[in-house]
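Model, not experiment: these values are computed from the prediction. A note on names: the letters A, B, ... follow the listed sequences, proteins ahead of strands, and every chain is numbered from 1.
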Protein chains: 2
Amino acid sequence: MNRGPSKQSSDHLSERLSTSGFRFTSQRRHVYHVLLAKRDHPTAEEVFLRAKRAFPDISMATVYNCLDALVRSGVARQVTVDRGAARFCPNMSEHCHFHCDTCDNVFDIELPDDGRGLVDLPKGFKAARFEVAVHGVCADCSARRKRAH
Amino acid sequence: MNRGPSKQSSDHLSERLSTSGFRFTSQRRHVYHVLLAKRDHPTAEEVFLRAKRAFPDISMATVYNCLDALVRSGVARQVTVDRGAARFCPNMSEHCHFHCDTCDNVFDIELPDDGRGLVDLPKGFKAARFEVAVHGVCADCSARRKRAH
DNA sequence: CTAGGTGCAAAAGGTTTGCGGTTAA
DNA sequence: TTAACCGCAAACCTTTTGCACCTAG
């Protein structure tokens with residue numbers, strides 16, 4: 001029932017952290033596990049609350065530190081959805097995000113082309129990173145709305 | 001030399017504000033003028049500093065209030081670029097933004113299709129708004145980099 | 001052994017709110 | 001006339017920082 005980090009994901013994490021010059025600590029392993037366990041794009045606060053169940057003394061500062069190390073090691077990414085708190089996901093494939101205006105959930109959406117070719121840039125502009133966010137109503141909320149109607 | 005709001009833009013603003021149930025105040029007119037005068041996607045803080053030249057007593061709270069009224073009246077939009085302060089632009093055409101990682105400037109980029117067709121949404125998902133942000137190096141910084149090299 | 005990480009508390013940055021006085025409609 | 005708005009200050013939320021202690025490498 002996914003009670004802890006798998007040996008596999010720990011080895012992967014350990015290698016990625018040390019490659020990027022970070023240490024492999026139990027807090028970082030656990031924060032990574034929290035992200036893998038429920039891929040609902042939690043905020044730092046939410047990660048903190050979940051991590052506390054196994055590490056009651058963990059602090060917000062450590063959660064931010066761990067999330068930062070994970071992002072810089074390339075095993076997680078920070079997702080910006082409007083102006084709220086940053087959210088985090090361990091899905092490293094090229095994808096974008098759908099934010100439901102009704103239930104506030106965030107969903108991963110495939111991004112054709114890896115984003116390249118989405119937009120014509122003016123001459124001389126070099127794109128390094130594409131961020132696409134779609135806002136609207138998710139399938140569940142659409143259905144719920146239709147039913148209530 | 002664009003010393004003040006034109007009659008035209010004031011009339012337009014006045015009508016849009018009242019349609020949305022907002023009052024037409026001198027602060028709102030001026031904040032709108034500030035956005036039109038230099039379309040460099042200023043933050044609220046930057047708008048505040050520019051607005052102060054004509055309204056020395058204006059406060060940040062009022063600037064936020066005015067910007068909010070402008071956005072809700074549909075004459076300006078709030079632009080989220082990563083996790084920094086919100087930026088504002090009076091370009092209401094469907095477009096997206098390019099953020100230069102070197103000089104930190106934000107540029108308007110045309111968005112083909114109005115964004116629709118960028119992404120295949122799963123069944124049942126309804127998109128209301130697309131937000132595309134491209135990060136990289138702008139033309140000026142590209143040229144500068146090449147020259148320095 | 002020691003550079004880097006942890007937990008705590010305090011600060012910083014951006015935004016929102018409560019309130020008494022002012023003003024557009 | 002009066003609900004909305006203004007300016008001010010304080011609160012709020014998210015994130016960062018400084019510091020003494022601890023630990024992975």
Each nucleotide of nucleotides 4-11 of chain D classed B (base within 4.0 Å of a protein heavy atom), S (only sugar-phosphate) or -, in 5' to 3' order, makes BSSBBB--
Would you please name every residue forming a ring pair (Phe, Tyr, Trp, His ring centres under 6.0 Å) with Phe98(B), sequence neighbours left out?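 Partners of Phe98(B) by the ring pair (Phe, Tyr, Trp, His ring centres under 6.0 Å) criterion, ordered by chain and then number, come out as Phe125(A).
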Identify, with sequence neighbours excluded, every residue that meets ring pair (Phe, Tyr, Trp, His ring centres under 6.0 Å) alongside His135(A). His99(A)
Establish, from distance only, whether the side-chain atoms of Arg144(A) and Thr102(A) form a donor-acceptor pair under 3.5 Å.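 Their side chains do not contain a donor-acceptor pair, so the 3.5 Å distance test is not met.
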Expected output is a numbered-order residue list: members of residues 74-92 of chain A with a heavy atom under 4.0 Å from any atom of DNA chain D. What is it?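 Only Ala85(A), Ala86(A) qualify.
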5'-most by nearest nucleotide on DNA chain C - Glu45(B) or Ser14(B): Glu45(B)
For Ser93(A), the side-chain contact (heavy atoms from CB on, under 4.5 Å) test, sequence neighbours excluded, returns Asn91(A), His95(A)
Could you list the donor-acceptor pairs under 3.5 angstrom formed between side-chain atoms of residues 22-30 of chain B and any protein atom two or more places apart in sequence or on another chain?
unit_1, atom_1, unit_2, atom_2, d
Thr25(B), OG1, Arg28(B), N, 3.2
Arg28(B), NH1, Arg23(B), O, 2.9
Arg28(B), NH2, Asn65(B), OD1, 2.8

Terminal helix-axis angle for the helix from dC1(C)-dG25(D) to dA25(C)-dT1(D), with five pairs defining each axis and rounding to 10 degrees: 50°
Glu46(A) has an atom CD; how far is it from atom P of dC13(D), in whole Å? 16 Å
Can you list, pair by pair, the side-chain donor-acceptor contacts under 3.5 Å of residues 44-62 of chain B, counting residues two or more places apart and other chains?
unit_1, atom_1, unit_2, atom_2, d
Glu46(B), OE2, Arg50(B), NE, 3.1
Arg50(B), NH1, Asp40(B), OD1, 3.0
Arg50(B), NH2, Asp40(B), OD1, 3.4
Arg50(B), NH2, Asp40(B), OD2, 2.8
Ser59(B), OG, Thr62(B), N, 3.2
Ser59(B), OG, Thr62(B), OG1, 3.1

Return the OG1 to CZ distance between Thr80(A) and Arg87(A), rounded to the nearest 0.5 Å.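 Reported to 0.5 Å precision, the distance equals 10.5 Å.
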SG of Cys96(A) to CZ of Phe130(B): how many Å apart, nearest 0.5 Å?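 The CZ atom of Phe130(B) is 9.0 Å from SG of Cys96(A), to the nearest 0.5 Å.
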Going by heavy atoms in the side chains, are Pro5(A) and Tyr32(A) under 4.5 Å from each other? no
Look at the rings of His41(A) and His97(A) and say which category their plane angle falls in: under 30° parallel, 30 to 60° tilted, over 60° perpendicular. perpendicular
For Lys7(B), which residues count as a salt bridge (Lys or Arg N to Asp or Glu O under 4.0 Å) partner, sequence neighbours excluded?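 In terms of salt bridge (Lys or Arg N to Asp or Glu O under 4.0 Å), with neighbours along the sequence ignored, Lys7(B) is linked to Asp11(B).
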Who passes salt bridge (Lys or Arg N to Asp or Glu O under 4.0 Å) against Asp101(A), sequence neighbours left out?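 With neighbours one apart ignored, the set is empty.
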Mind checking who shares a hydrophobic cluster with Met92(A), ILVMFWY linked at side-chain heavy-atom distances under 4.5 Å?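 Met92(A) shares its hydrophobic cluster with no other residue.
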Bounds of contact between DNA chain C and chain A, in 5' to 3' order, using a heavy-atom cut-off under 4.0 Å: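 Using the under 4.0 Å cut-off, the span is dA3(C) to dT15(C).
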